[in-house]
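Only one structure is covered here, and it is reproduced in the block below.
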Amino acid sequence: MSPESTGPAAVIVLAAGAGTRMKSRTPKILHAIGGRTMVGHAILAARGINPQRLALVVRHERDRVAAHLQSLDPQAVIVDQDDIPGTGRAVEVALAALDAESAVEGTVVVTYGDVPLLTSELLEDFVTAHQTGSNAVTVLSAVLDDATGYGRILRDADGTVTGIREHKDATEAERAIREVNSGIYAFDAALLRESLTKVTTNNVQGEKYLTDVLELAAAAGGRVAALVTEDRWQVEGANDRVQLSALGAEMNRRTVESWMRSGVSVVDPATTWIDSTVTLDEDVRILPNTQLHGTTTVARDAVVGPDTTLTDVQVGAGATVTRTHGSGSTIGEGAAVGPFTYLRPGTVLGATGKIGAFYETKNVTIGRGSKLSHLGYAGDAEIGEDTNIGCGNITANYDGEKKHRTVIGSGVRTGSNTVFVAPVTMGDGAYSGAGAVIRNDVPAGALALSLAKQRNVEGWVATNRPDTLSADLAANATAATPSSSTHQASTEEGTQS
Ligand code: UD1
Ligand code: MG
């Protein structure tokens, strides 16, 4: 639906239930699949049809749920359900709350906070069917093989809908009906308001059933209809963790398929998990066992995976990210990350740069073309362009109490196992020798050396480790070398490279 077009007068999302079968300290609707809470998906579907008002009914864990809802949708009206139980009561208090601001006229849609696969597209078709049929009530139904637990759609001999019978209140004959109530409805506001005053708690569960409105509407001469959806996943709720994971897998299957249809190659959809909040460009390739979460984006021609998990990571065009665990990071165009790389928040890798095997990075900006190829840690640092950080380099950023910054210029070449004891700065074009411990700033173009000279203690093995393999081999080697004195002279020089 285009933003200018007018949606229904209101959508009411029911989210007051406890969800005891989840066996969780977290309220059911706050459990997440596909990168959003279940109620987050419900709000997105509701907002997608542009309702004039949106009401969310809460009761269980009220403050925690309300805070989450407010953060997702500050415009929505949060309504507290009182102690009278049932879906009918939930809608009654919501309608009263909306009416208190200004009377609701027209179509009121009711959905659930625990039905996460429902789409705006289906909701929109549903509202259109309700309005073009001039119905008093329309219910979204589905035909299931096993209808146990659901309310059943009652129809007369002509097929006209006459009401809904809850499973617990149903006769054997009614229980044989396989067309079920999804719990999603469109009502005429005036009729809904009027009917709810007549709904009682006179049933097996002692609740005010919203479903009773259908029979009341039919009795009052209103048109009551059911729209049957073929896509049962869209009306399925999650009551326990088994259903939650089944819905999560189906949502993922749909997300991955939709990206493939938009031009993304996914080698193994079964092991690829993409949150509904992720964005991918055409010609991205996703290799097996890859999980993309949160606000992650991957630009054209980038290759991600295998065995990679990225959360809130921006991957530039043509970059490769292999066997990497990353979050809160940015990878530049044509850059390379991995294999076996851990990117922590605040890592910004410039275009064509590299963070290679067994590197951990955090809060570091790396300029264009700079490479940290193997075995190290870079944290709280800034590295210029076209710098090569040697194997095994470490920024020692933590003095035991505080974190300090390392600043390394452009065109720098550091020797293997250089340690930067922050705060410290290395100027443009500077070099360091292998094993250098950089405690003081290094001026541009200087070579920093900090090791003591190497000293060889001749014959140490023969004296201290006699009769070992080492001693035997050393004895053989010494016998084969004509002049051991010249050899000694050359190796006593300190070696720095
Ligand atoms: C309800 C329907 C049933 C339908 C089924 C579909 C009624 C009487 N029955 O049954 O016909 O087949 O959904 O899933 O409506 N809620 C509140 N306040 C309450 C009670 C529930 O907000 O007092 C909310 C829950 O959080 C949940 C939804 O309403 O999101 C449905 O509640 P639930 O108790 O699961 O309804 P069912 O008994 O399954
Ligand atoms: Mg119930």
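Indexing begins at 1, ligand by ligand and atom by atom, following the structure's order. In this chain, residues are counted from 1 in sequence order. Just so it is clear, the structure is predicted and the values come from calculations on it, not from any experiment.
- Ion pairing of Arg223 with Asp188 is absent here, as no side-chain N (NZ or NE/NH1/NH2) approaches a carboxylate O to less than 4.0 Å.
- We find that Arg300 and Glu282 are joined by a salt bridge, their nearest charged nitrogen and carboxylate oxygen being less than 4.0 Å apart.
- Within the set Ile12, Asp169, Asn203, Leu14, the minimum heavy-atom distance to atom 30 (O) of ligand 1 is found for Leu14.
- Heavy-atom separations between Arg59 and ligand 1 include at least one value shorter than 4.0 Å.
- Looking at Gln81 against ligand 1, only its side chain comes within 4.0 Å, counting heavy atoms.
- The distance from ligand 1 to the heavy atoms of Ala90 drops below 4.0 Å at these ligand atoms: 17 (C), 18 (N), 22 (O).
- At a 4.0 Å heavy-atom cut-off, ligand 1 touches Asn181 through backbone and side chain alike.
- A salt bridge does not link Asp80 with Arg59: every distance from a Lys NZ or Arg NE/NH1/NH2 to an Asp or Glu carboxylate oxygen is 4.0 Å or more.
- The shell of residues lying under 4.0 angstrom from ligand 1, judged by heavy atoms, includes Asp114.
- Phe358 pairs with exactly one of Tyr342, Phe340, Tyr377 by the ring-ring contact (aromatic ring centres under 6.0 Å, His included) rule, that one being Phe340.
- In this structure, Gly237 falls outside the shell of residues with a heavy atom less than 4.0 angstrom from ligand 1.
- Here Arg193 does not pair with Glu92 in a salt bridge; the nearest charged N to carboxylate O distance is not below 4.0 Å.
- When only interatomic distances are considered, the shortest N/O to N/O separation between Gly17 and ligand 1 falls below 3.5 Å.
- Between Asp114 and Lys28 a salt bridge is recorded (basic side-chain N to carboxylate O distance below 4.0 Å).
- Residue contacts with ligand 1 for Gln205 are absent, since no atom lies close enough (heavy atoms, distance under 4.0 Å).
- For the pair Arg53 and Glu101, the salt-bridge criterion is met [side-chain N within less than 4.0 Å of a carboxylate O].
- Between Tyr112 and ligand 1, at least one N/O pair is under 3.5 Å apart.
- Distances shorter than 4.0 angstrom occur between a heavy atom of Thr211 and an atom of ligand 1.
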